[in-house]
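So the structure is just underneath, and the comments pick up after that.
Just so it is clear, the values below take in all heavy atoms, side chains as well, and ignore hydrogens, waters and symmetry mates. This structure is a prediction, so every number in the text was calculated from the model and none was measured.
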Amino acid sequence: MPLDTMYEFNPNFGLVEQAPAPGSLAATAVAHGGVACTWVQATDGSRIVIGVAQPSRTTLAELRASGDGFRSSGGVGTVQIFTDKHWIVATSKYFGTPDDARMLTDSVKSALG
């Protein structure tokens, strides 16, 4: 995701080198050969974690069948987006609805081509 996109979303977020939490969907994306990035809000330390993977067609179908498009737990929202080839996950307290993450997930989809 381009840095400009996050700056437009909220200029107080910075990219940090941090692995996603074990057991998280972003960690699952990495386990399937994907990547994840963590952005930290400078003022309060809250995070946005985005993961992307291009799993096998079978795994992608399984993920699609078992995953909610959006879920919220403990004030943290998680969005899952599926394309023909990719699985995108985005998690943050800033995502109260799927639309709250749309700018970021659209940017990721655009970067994937």
Side-chain angles (χ1 to χ4, degrees):
M1 181 175 59
L3 295 174
D4 290 346
T5 302
M6 184 56 77
Y7 186 83
E8 186 178 333
F9 179 80
N10 184 322
N12 290 319
F13 275 93
L15 185 62
V16 297
E17 288 191 35
Q18 182 178 51
S24 68
L25 291 178
T28 302
V30 171
H32 285 290
V35 296
C37 60
T38 301
W39 301 81
V40 175
Q41 213 272 359
T43 305
D44 67 8
S46 59
R47 298 181 180 339
I48 294 175
V49 180
I50 298 174
V52 180
Q54 186 176 348
S56 70
R57 288 177 112 20
T58 302
T59 300
L60 185 62
E62 290 170 357
L63 290 166
R64 184 175 289 165
S66 68
D68 301 334
F70 178 77
R71 66 179 162 185
S72 181
S73 177
V76 176
T78 299
V79 177
Q80 294 188 75
I81 307 290
F82 296 93
T83 69
D84 290 340
K85 296 180 181 179
H86 297 94
W87 175 46
I88 304 165
V89 296
T91 302
S92 179
K93 75 174 194 173
Y94 287 89
F95 305 153
T97 70
D99 284 341
D100 295 337
R102 188 165 316 279
M103 175 191 291
L104 302 179
T105 56
D106 283 353
S107 177
V108 171
K109 284 193 308 188
S110 177
L112 293 171

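Looking at Gln80 and Leu25, their side chains come closer than 4.5 Å, going by heavy atoms from C-beta outward. Looking only at side-chain heavy atoms (C-beta outward), Trp39 and Asn10 stay at 4.5 Å or farther from each other. Considering only heavy atoms from C-beta on, Val49 stays 4.5 Å or farther from Ser24 through its side chain.
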Check against side-chain contact (heavy atoms from CB on, under 4.5 Å), Tyr94 and Asp100: CA-CA 7 Å; Tyr94 287 89; Asp100 295 337; over 6 Å; no
Worked check of side-chain contact (heavy atoms from CB on, under 4.5 Å) between Phe95 and Leu104: CA-CA 11 Å; Phe95 305 153; Leu104 302 179; 3.9 Å; yes
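In the hydrophobic clustering of ILVMFWY residues, with side-chain heavy atoms under 4.5 Å counting as a link, Met103 and Phe13 come out together. By the rule that hydrophobic residues join a cluster once side-chain heavy atoms approach within less than 4.5 Å of another member, Leu3 and Val52 end up as members of one cluster. Residue Phe70 is not grouped with residue Leu63 when hydrophobic side chains (ILVMFWY) are merged at heavy-atom distances under 4.5 angstrom, including chains of intermediate members. Taking hydrophobic clusters as Ile, Leu, Val, Met, Phe, Trp and Tyr residues chained together by side-chain heavy-atom distances below 4.5 Å, Trp87 does not share a cluster with Val35.
Ile81 CD1 to Asp106 CG: the interatomic distance, rounded to the nearest 0.5 Å, is 7.5 Å. Distance CE/Met6 to CD1/Ile48: 4.0 Å, rounded to 0.5 Å. From Thr83, atom OG1 reaches atom CD1 of Ile88 across 6.0 Å, with rounding to the nearest 0.5 Å. The CZ atom of Arg57 sits 8.5 Å away from the NZ atom of Lys85 when rounded to the nearest 0.5 Å. To the nearest 0.5 Å, atoms CG (Asp4) and CD (Glu8) are separated by 8.5 Å. A distance of 8.0 Å separates CG of Leu15 from OG1 of Thr38, quoted to the nearest 0.5 Å.
Taking every heavy atom of both residues into account, Ser92 and Arg47 meet most closely at OG-O, 2.9 Å. Ala27 approaches Ala21 most closely through the heavy-atom pair CB-O, 3.4 Å. Annotation for Ala36 and Pro20: closest pair CB-CG, 3.8 Å, computed over non-hydrogen atoms. Nearest heavy atom pair, residue Lys93 against residue Ser46, reads CE-CB, 3.6 Å. Thr105 and Ala90 make their closest contact through CG2-CB, 4.1 Å (heavy atoms, listed as atom of the first residue, atom of the second, distance).
The closest side-chain donor-acceptor pair between Asp99 and Thr97, if any, does not fall under 3.5 angstrom.
Other residues, nucleotides and ligands place no more than 12 heavy atoms under 6.0 Å from the OH atom of Tyr7.
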